[in-house]
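This chain uses plain numbering: 1 for the first residue, then up along the sequence.
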Amino acid sequence: MSALDRAGARKIDQTGLEDERRAAVHQALTDTQLKLIAASTKVLEERLQADPDLAQRALTAFSRAERQAENVEASLVLAIEDLKNKPSAGAEPADSPDTLDPEFLNRWELYASGATSEVVREKWGRILSSEIREPGTFSLKTLRVIDELDHETAILFQRFCQSRIGQWAPELLLDLDASELSALEQAGLILDAEFGRAVTFSQTIDGHGAKWWALGSDTMGVAVRQDPMPSTITTGPFNLDPLRIMDEKLKMNVSVLSRVGGALAVIIPHNEEEVFRRLAKVISGDVAGAAVMVRRTAEGIMSDDGSENAPPMPADGIVTPG
């Protein structure tokens, strides 16, 4: 026991010496840095007095750094406001990291430092708040694409997102022509639509035994009556119309977001319920009630007019374009 006590005391002494050594080295480095800063400041003052042009460049650099810091701070304030106004829904995943990726933060700060307008600051603020809610949403590539996005393309994308349902938008609702969609493709925001993409409705039956086609998410959707069928639905071989019968199934053409577009769409406000309501109206055409917007409530499935006899939505939730 005596030997162990002595050995333990020796280790404690060695630990104490090591801590003292680290503290001394840290203090020495700090003193050296302060002396270097003081010396550099003195040399810089002498050069500035002798060179007015250098003084002007130094002032310009300091002013630029100050503006960049203000831009970052303003974007950060807007991110905090967004987090307060729209807190995360539900519990955080158990594997959610406690801190954000340093690479993301460095790149975000770089781009936010150039946010001179309120609109751009709000954009970067929302990006930061979205990344805090769900880390990994914005890759470095996504941040670069967003930073390089020109104003005209950004406006087009906002228009696209007003008709967004999940990761796609029905062609029936898009008010963008081929050239505008091509601009979004070239910007990397939507997938190439050369071969076309479509979603397929599910078959469902209402409380009266009438057959419907249904498409929707876990909380809302749209149902289309099968008999009589709306005039907006076309049939026939080799049919590529926006809403058509193919292989005895109802299919609807859609434009699909890319990974970058899906991340950017998160920060653009939109009302998905209103999108389903517009979609039902367009599909109905000139026949009222041929398509209805439905929602799932605690009491069950209800149509947009409050009817409790609405056709059920598919249990799978929202479908993926094929």
Side-chain angles (χ1 to χ4, degrees), residues 107-108 111 114-115 117 119-120 122-124 126-127 130-131 137-201 215-217 222 232-247 249-272 274-283 285 318-322:
R107 197 65 60 87
W108 178 87
Y111 295 139
S117 70
V119 173
V120 179
E122 185 177 0
K123 176 182 71 175
W124 290 109
R126 285 181 178 175
I127 288 172
S130 298
E131 183 69 15
T137 299
F138 294 91
S139 65
L140 298 184
K141 176 184 177 181
T142 301
L143 294 179
R144 177 181 58 78
V145 171
I146 293 174
D147 180 66
E148 295 175 353
L149 202 62
D150 61 80
H151 180 70
E152 290 75 15
T153 306
I155 295 299
L156 288 178
F157 189 66
Q158 288 181 7
R159 287 169 55 194
F160 180 96
C161 288
Q162 298 313 306
S163 300
R164 178 173 68 88
I165 297 175
Q167 295 297 304
W168 45 265
E171 287 186 8
L172 287 168
L173 299 183
L174 290 175
D175 62 345
L176 304 174
D177 59 31
S179 63
E180 291 172 328
L181 289 173
S182 177
L184 293 178
E185 289 178 14
Q186 293 175 15
L189 299 177
I190 64 174
L191 299 180
D192 186 357
E194 180 180 357
F195 300 105
R197 288 176 172 81
V199 293
T200 303
F201 286 66
L215 176 75
S217 65
V222 62
T232 51
I233 300 175
T234 60
T235 59
F238 310 109
N239 187 355
L240 297 178
D241 289 341
L243 192 64
R244 62 191 183 277
I245 299 295
M246 179 178 291
D247 300 327
K249 295 179 180 179
L250 180 61
K251 294 182 179 291
M252 180 174 65
N253 291 349
V254 297
S255 292
V256 185
L257 292 169
S258 66
R259 182 177 178 182
V260 173
L264 180 56
V266 171
I267 69 172
I268 298 177
H270 90 298
N271 188 335
E272 192 162 279
E274 182 59 30
V275 176
F276 276 119
R277 188 173 288 111
R278 286 168 48 211
L279 181 59
K281 183 177 180 179
V282 170
I283 293 176
I318 207 158
V319 297
T320 303

Can you check side chain to side chain contact (heavy atoms under 4.5 Å, CB included) on L257 and F157, steps first, answer last?
CA-CA 10 Å; L257 292 169; F157 189 66; 3.6 Å; yes
Closer than 3.5 angstrom, by distance alone: can the side chain of N253 be matched with the main-chain N or O of L240 as a donor-acceptor pair?
yes
Verify side chain to side chain contact (heavy atoms under 4.5 Å, CB included) between V282 and T232, making sure each step is shown before the conclusion.
CA-CA 8 Å; V282 170; T232 51; 5.7 Å; no
Distance col, row S139:OG vs E131:CD, nearest 0.5 angstrom, shows 9.0 Å
A side-chain contact here means heavy atoms from C-beta on lying under 4.5 Å apart; do K123 and Y111 qualify?
no
Just by modelled atom types, is the K249 backbone N or O under 3.5 Å from a matching donor or acceptor in the D247 side chain?
no
Atom OG1 in T234, atom CE in M246: separation rounded to 0.5 Å?
9.0 Å
Return the CD1 to CG distance between I283 and L215, rounded to the nearest 0.5 Å.
8.0 Å
Residue pair F276 / V222: nearest heavy atoms and the distance that separates them:
CD2-N, 4.0 Å
Kindly give the heavy-atom pair with the smallest separation between I127 and F138, and that separation in Å.
O-CE1, 3.7 Å
Nearest non-hydrogen partners of Q167 and G262, listed with the distance
OE1-CA, 3.5 Å
The residue among I268, D175, N271, L174 that forms side chain to side chain contact (heavy atoms under 4.5 Å, CB included) with Q162 is I268
Nearest 0.5 Å please: distance from the CD1 atom of I165 over to the NE2 atom of H270.
8.0 Å
May I ask you to test the R144-D147 pair for a side-chain heavy-atom distance under 4.5 Å?
no
Minimum heavy-atom separation for P242 to L172, with atom names?
CB-CD2, 3.8 Å
Worked check of salt bridge (Lys or Arg N to Asp or Glu O under 4.0 Å) between R278 and E274:
CA-CA 6 Å; R278 286 168 48 211; E274 182 59 30; 5.6 Å; no
So, do V275 and L173 sit near enough that their side-chain heavy atoms are less than 4.5 Å apart?
yes
What heavy-atom pair brings G166 and E272 nearest, and what distance separates the two atoms?
N-OE1, 3.2 Å
How long is the gap from CD on E148 to OG1 on T153, to the nearest 0.5 Å?
11.5 Å
Has S130 got a side-chain atom pairing as donor or acceptor with R126's backbone, closer than 3.5 angstrom?
yes
Using a 3.5 Å distance criterion without hydrogens, assess whether the side chain of W108 forms a donor-acceptor pair with backbone atoms of W124.
yes
Run L250 and I245 through side chain to side chain contact (heavy atoms under 4.5 Å, CB included) and show every step you take.
CA-CA 5 Å; L250 180 61; I245 299 295; 4.0 Å; yes
Donor-acceptor pair, distance only, cut-off 3.5 Å: does the side chain of S258 make one with the backbone of G188?
yes
Please round to the nearest 0.5 Å and tell me the distance separating atom CG of L156 and atom SG of C161.
11.0 Å
Considering residues, nucleotides and ligands other than R259, do more than 12 of their heavy atoms fall under 6.0 Å from its CZ?
no
So which heavy atom on V145 is nearest to which on A187, and how close?
CG1-O, 3.5 Å
L264: which of T137, T142, L189 passes side chain to side chain contact (heavy atoms under 4.5 Å, CB included)
L189
For Q186 and A183, indicate whether the former's side chain and the latter's backbone hold a donor-acceptor pair under 3.5 Å.
no
